Protein chains: 2
Amino acid sequence: MLNKQVTIKDLARKLRLSVSTVSRALRDVQDINPETKRQVLALAKELNYEPNFIARSLVNKQTKVIGVVLPVIAARYFANALSGMMEVADANGYHIMFCQSDESPEKEASNIKKLVSIRIDGLLVSVSKCTSDTEIFQKVQQRGIPVVFFDRALEHIDATKVTVNQHEGAFLAVEHLIRKGCTKIAHIAGPRHLSIAIDRMNGYLDALQKYNIPFNKEYLLHCEDFQYDAMEKIQALFNLEEKPDAIFTVNDSIAVLCIKYLKELGIRVPEDVAVVGYNNDPVSEVVWPALTTVMQPSFEVGKLATQLLIDEIEQKSTQHFHKVLSSELIVRSSS
Amino acid sequence: MLNKQVTIKDLARKLRLSVSTVSRALRDVQDINPETKRQVLALAKELNYEPNFIARSLVNKQTKVIGVVLPVIAARYFANALSGMMEVADANGYHIMFCQSDESPEKEASNIKKLVSIRIDGLLVSVSKCTSDTEIFQKVQQRGIPVVFFDRALEHIDATKVTVNQHEGAFLAVEHLIRKGCTKIAHIAGPRHLSIAIDRMNGYLDALQKYNIPFNKEYLLHCEDFQYDAMEKIQALFNLEEKPDAIFTVNDSIAVLCIKYLKELGIRVPEDVAVVGYNNDPVSEVVWPALTTVMQPSFEVGKLATQLLIDEIEQKSTQHFHKVLSSELIVRSSS
DNA sequence: CTGTTAGCGCTTTCAG
DNA sequence: CTGAAAGCGCTAACAG
């Protein structure tokens, strides 16, 4: 049943060669007789030889596995980023091993420790909402394992980062609302300590400023946890004297909640109030009216981050970059 | 910078012990002086020793990694199943390495080959829509690597399988429509060769039969690729003389399309036509009216499949099971 | 161009 | 209870 794996030794014996010669023949090294190489390769194929990664790792001190830690795989954005990573990893002979932090810094840390103990060659991470400590990442770097941050990066750490220009995406969204004639534009923002949320908020603020629209403090509300306190913020907005004529939200699920709430109130979207979300989540196509939103290049982020990480692993590059990718506004009927 | 990993040898030297004694102390083996063990453990902690998985794998001939191949990670169902897998794997000291087949049998096969060459200890797979050949899986088994199928399994292969009772889920959905008073119930089914789609269709048929509702051939339509040909089927349905008063669809995205189309036609949901989907996709909560749908226990599927696989790997069980889990009908306002 | 030797970090007989 | 020795499968000097 269990037909043992054929090893380099078996090949050597059958060919009356030494294992080192066989080893050389199997790889792309010079100093090998083409004819010998041919024979070895032929026999290897015939016997269905497969190099043993484990043994190779032990001597080379590199596993060809890249660790990935991200908040949650069930989010479309991260699933797409991961797909991009797998594509590039595959093309370069690397394997991906990923873990989710579930937005918990503790779980994030334990995942990282686990990956490091497996001897990953490099680490790709998108930090949890509450991560602020750089120490663990520095420890990884000190071990000689390159770290690349994607999407959500820590500010005060010297490492390569691939992020998306949140400010620009938000600016585009708000500019679009302004051009549609909206002047009382509210923003339901994300957590105050989360950099991507702050960037989006600043994009909102700067767009208002550029078009000389006075900023109304009452139109800016923060959801501290992205989701569960959203409804009360929305309600607060429509209890104001001066109701907004547009809402830009930090993500699509909040935008969808807005649309539902407005419908209940008999307020028309987009005629009375326009709504724009963020992320191009699948739900955005399905609500009615379909949601205008900002699409981030998640797949590209994954690909680029992985490529840069591999470059660092293979020492092709030694310095750190911060690449910032652009987003795209997708205009649908909610605005 | 690169502070070398401390090895078992370092511990041995400092403690003036032999490596084999240290090795024993580090593991749960008998034949070791408790005091010696204590010392070794203490020093190990102090020096931050971490056992080298790679070296251990090489001698033990087991990697503690489980390979997972699934169609696509961006689908909520699979993301959840994978989360369940990671939970159980983690709790048992295993790691997960996953690949997506993108519904291509070729990519599926190459992923499996890749995983096998990494020397995974076991394989978890949900086959692509078009996979029918059992050969590759048998080859994996012959290598002594246990295979467990989850969600989508191949029929003609002797292996442990964890699936969801599609027939029952569909039956529940249709029964619910019948109890609501619907009698002209249409079904937009999935591909004819895909077993889960066939099971759902049979659940539909059997529910009709049980309640003595005559089957109308015109009310049964197949989408051969799940998505892109859905719209024409829906239209066909409403070009019939005798229009249906309910539609049960093979998945939620088709159900959502139905709702949209019915709205355009000015047909009220659920008053004129009730709609029920399948999967409890996030979109089902967001459409209006919110979609009644069947929720599959994907997380549980992942957990159970992994537990059974680990049992097989560790020889706790040697025979194969086929576990079938139940689904739940989630009633919302579309029916 | 090829063989010999040593060794990666760990486990496992086999003696003591 | 502990140590010596061999070996997992492969790579990497170093001679020849």
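Numbers restart at 1 for each chain; the letters A, B, ... are given by sequence-line order, proteins then strands. Since the model is a prediction, treat every value here as computed from it, not as a measurement.
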Inset, instruction - Using a 4.0 Å cut-off on protein heavy atoms (strictly under), produce a 5'-to-3' string for nucleotides 11-16 of chain C with B for base contact, S for backbone-only sugar-phosphate contact, and - for none. - result: BB----
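Proximity of B:Lys9 to the phosphate of C:dC8: a side-chain N or O atom is located under 4.0 Å from OP1 or OP2. Taking only side-chain nitrogens and oxygens, A:Ser18 comes nearer than 4.0 Å to OP1 or OP2 of C:dG3. OP1 and OP2 of D:dT2 both lie 4.0 Å or more from every side-chain N or O belonging to B:Thr21. Taking only side-chain nitrogens and oxygens, A:Ser57 never comes nearer than 4.0 Å to OP1 or OP2 of C:dC8.
Within a 6.0 Å radius of NZ in B:Lys139, other residues, nucleotides and ligands contribute 12 heavy atoms or fewer. Other residues, nucleotides and ligands contribute more than 12 heavy atoms inside 6.0 Å of the NZ atom of B:Lys114. For B:Lys107, the NZ atom is densely surrounded, since the number of other residues' heavy atoms within 6.0 Å is greater than 12.
Between B:Asn33 and B:Arg119, the residue anchored nearer the 5' end of DNA chain D, judged by the nucleotide with its closest heavy atom, is B:Asn33. Heavy-atom distances to DNA chain D give each of A:Asn52 and B:Lys37 a nearest nucleotide, and the one nearer the 5′ end belongs to B:Lys37.
Rounding to the nearest 0.5 angstrom, the gap separating the CD atom in B:Glu87 from the OG1 atom in B:Thr306 is 10.0 Å.
Atom CZ in A:Arg16 sits roughly 16 Å away from atom P in C:dT2 (whole-Å rounding). When the P atom of D:dG9 is taken as reference, atom CZ of A:Arg13 falls 11 Å away, rounded to whole Å. Atoms CZ (A:Phe53) and C1' (D:dC10) sit 13 Å apart, rounded to a whole Å. Per the geometry, CG belonging to B:Leu17 stands 7 Å off P belonging to D:dT2, to the nearest Å. What separates CD of B:Gln62 from P of D:dC8 is a distance of 17 Å, to the nearest Å. In this structure, the CG atom of B:Leu15 is 15 Å from the C1' atom of D:dC1, given to the nearest Å. The separation between B:Gln5 atom CD and C:dC8 atom C1' is 14 Å, rounded to whole Å. Atom NZ of B:Lys61 is separated from atom C1' of C:dC10 by 13 Å (rounded to the nearest Å).
Of the listed nucleotides (C:dC10, D:dC10, C:dC1), C:dC1 has the atom at the smallest distance from the side chain of A:Pro34.
For the 3.5 Å distance criterion, the side chains of A:Ser195 and A:Glu155 fail to qualify, holding no donor opposite an acceptor.
Nucleic acid contact class of B:Ile32 (heavy atoms, under 4.0 Å, all strands): sugar-phosphate only.
Residues forming a side-chain contact (heavy atoms from CB on, under 4.5 Å) with B:Thr134 (at least two apart in sequence, or on another chain): B:Gln138, B:Leu154, B:Ile157.
When each of A:Ile120, A:Ile310, A:Val148 is tested with A:Ile66 by the rule side-chain contact (heavy atoms from CB on, under 4.5 Å), just one qualifies, namely A:Ile310.
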